[in-house]
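Only a predicted model underlies this, so the values are computations on that prediction, with no experimental measurement involved. As a basis for the values below, the full set of heavy atoms in this structure was taken, side chains included, without hydrogen atoms, waters or symmetry mates.
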2 protein chains.
Amino acid sequence: MSANAWLAQLHENGYRITKARGAVVETVEKSTHALTPVEVYDIARKKYRALGLVTVYRTLEKLEELHLIQRVHQPMGCQAFISAGHGHQHLLLCKNCGQVAFFEGDDVDALTKVVAKKTGYLITEHWFQLFGLCAKCRAK
Amino acid sequence: MSANAWLAQLHENGYRITKARGAVVETVEKSTHALTPVEVYDIARKKYRALGLVTVYRTLEKLEELHLIQRVHQPMGCQAFISAGHGHQHLLLCKNCGQVAFFEGDDVDALTKVVAKKTGYLITEHWFQLFGLCAKCRAK
DNA sequence: TTTGTAAATGATAATCATTATCAATAAGTA
DNA sequence: TACTTATTGATAATGATTATCATTTACAAA
Ligand SMILES: [Zn+2]
Ligand SMILES: [Zn+2]
Ligand SMILES: [Zn+2]
Ligand SMILES: [Zn+2]
C-alpha cells in the first residue's frame with residue numbers, strides 16, 4: 001500500500017486530503033520502525049514545515065481508526081505506531097535498532113482450547129509478539 | 001506468596017519495611033485485577049490514610065524491579081500492574097470485568113524457529129496474551 | 001532501651017504527554 | 001468561482017509521572 005492509497009482511504013471515509021495529512025501519511029507509511037507522535041512530527045515537518053504536533057495526534061487517531069496503522073507495545077513504552085499488516089499478522093521487533101518485521105502463520109488454536117477448558121474463559125482474541133535481534137544487528 | 005513474603009523480599013534487598021509499603025503491598029498482592037497507581041492509592045489509603053500517591057509510584061517501581069508485580073498491557077491502556085506469575089506464565093484477561101488469570105504451557109518454539117529462519121532474526125523473547133470473557137461474565 | 005544515620009515519606013512543584021478550545025484557513029462540492 | 005464546513009495551528013487545559021526538599025521514621029549499633 002502506498003501513501004496515496006492511504007490518502008484515498010481517508011477520502012473515501014469522508015476525510016479531506018490536506019498537506020498536513022500528506023506529510024504524516026508519507027512519514028508513517030514508509031517507516032520500518034514504530035514512530036511516536038513526536039518522532040512523526042519531527043520527520044514530517046521536513047516535508048511540511050507548518051505542521052503542528054496536534055495535527056499529528058489527530059491524524060494518527062484517524063489512521064488507527066481506519067486500521068492503516070497500529071499501536072506497538074514495548075517494554076520501554078507503548079506510544080509508538082507502525083503501518084498495520086494485512087490480515088492476521090504479528091510483530092517481531094529488534095531490541096537493538098527497533099526494526100519491525102511482520103509474520104503470520106501462528107496457530108494458537110490448540111493452546112487456546114486447552115486454556116479455555118482449564119480456566120472456563122471464552123477466549124476471543126490474542127496478542128502475540130516476538131522480540132530479538134534483526135540480521136543486521138546480529139552481525140555486529 | 002503472601003504480603004509478608006513480599007515485604008520480606010523488600011527487606012532482603014535492603015529496603016525498609018514501612019506502613020506505606022505495607023498498605024501498597026497488601027493491596028496489590030491480593031488483587032485479581034490489574035490496578036493503576038491511582039486505584040492502588042485509593043484502596044491502600046483505606047488501610048493507611050497518610051499514604052501519598054508518590055509513594056505508591058515509588059513502591060510499585062520497586063516491586064516491579066523485584067519481579068513481584070508486572071505491568072499489564074491492554075488496548076485501553078498500559079498503566080496497570082498485577083501480581084506477577086511464577087516462572088514462565090502468560091495472562092488471560094476478561095474484557096468485561098478485568099479479571100486476570102494466568103496460564104502456562106505455551107509452546108512457541110516451533111513457530112519461533114520458522115519465523116527466525118524466514119526473517120533472519122535471532123528471537124530471544126515473546127509476549128503472549130489472551131483476551132476473552134471469564135466464566136462469570138460469560139454466564140450473564 | 002536509647003541513639004544515630006540514612007532511607008523513606010508526603011507535600012509541592014516541575015515536567016512530559018495528550019486533549020480541549022477557538023478563531024482563521026482551506027478542501028472540495030455545487 | 002463561491003460557499004460550506006472540515007481542518008488547522010496556536011494556545012490553554014488537563015492528566016500522568018517524576019524531581020525536589022524538609023521532615024519523619026526504620027532499624028542497626030551501642
Ligand atoms: Zn502496552
Ligand atoms: Zn536491529
Ligand atoms: Zn495470531
Ligand atoms: Zn469477567
**Q.** B/Arg58 or B/Arg16, whichever maps to the more 5' nucleotide of DNA chain D
**A.** B/Arg58
Q: Would you grab the first and last nucleotide of DNA chain D (5' to 3') that comes under 4.0 Å of any non-hydrogen atom in chain B?
A: D/dA16 to D/dA28
Q: Give the rounded distance in Å between these two atoms: CD1 of B/Ile17 and C1' of C/dA7.
A: 13 Å
Q | Spacing of A/Asp109 atom CG and A/Ile123 atom CD1 [to the nearest 0.5 Å] | A | 10.5 Å
Q | B/Phe131: ring pair (Phe, Tyr, Trp, His ring centres under 6.0 Å) partners, not counting sequence neighbours | A | A/Trp127
Q | Value in whole Å for how far the P atom of C/dA26 lies from NE2 of A/His11 | A | 18 Å
Q. So what does B/Arg21 touch, heavy atoms closer than 4.0 Å: a base, only the sugar-phosphate, or nothing?
A. sugar-phosphate
Q. Are B/His88 and B/His90 an aromatic pair by the rule of ring centers under 6.0 Å?
A. yes
**Q.** Spacing between A/Leu10 atom CG and C/dA27 atom P, to the nearest angstrom
**A.** 15 Å
Q | Contact nearer the 5' end of DNA chain C, comparing A/Val54 with A/Val38 | A | A/Val38
(Q) Under 6.0 Å from the ring centre and within 45 degrees of the ring axis: does the NZ or CZ of A/Lys118 meet both conditions for the six-membered ring of B/Phe103? (A) no
Q: Nearest whole angstrom, please: distance from the P of C/dA8 to the CG of B/Asn13.
A: 11 Å
Q.
Side chains of A/Phe128 and A/Leu130, heavy atoms from C-beta outward: is any pair under 4.5 Å?
A. yes
Q | B/Lys62 NZ to C/dA8 P, straight-line distance once rounded to whole Å | A | 6 Å
Q.
Measure CG/B/Leu51 against P/C/dT9 and give the value in whole Å, please.
A. 9 Å
**Q.** Separation of atom CD in B/Gln79 from atom P in C/dC16, rounded to whole Å
**A.** 19 Å
Q: Report yes if some heavy atom in the side chain of A/Cys134 is under 4.5 Å from a heavy atom in the side chain of A/Cys97; otherwise report no.
A: yes
(Q) Can you work out whether B/Tyr15 or A/Lys19 has the more 5'-proximal nearest nucleotide on DNA chain D? (A) A/Lys19
Q. How many angstroms lie between CG in B/Leu91 and CD in B/Gln89, if you round to the nearest 0.5 Å?
A. 8.5 Å
Q: Take atom CZ of B/Arg45 and atom C1' of C/dG10, then tell me their distance rounded to the nearest Å.
A: 12 Å
Q) OP1, OP2 of C/dA27 versus side-chain N and O of A/Thr18: anything below 4.0 Å? A) no
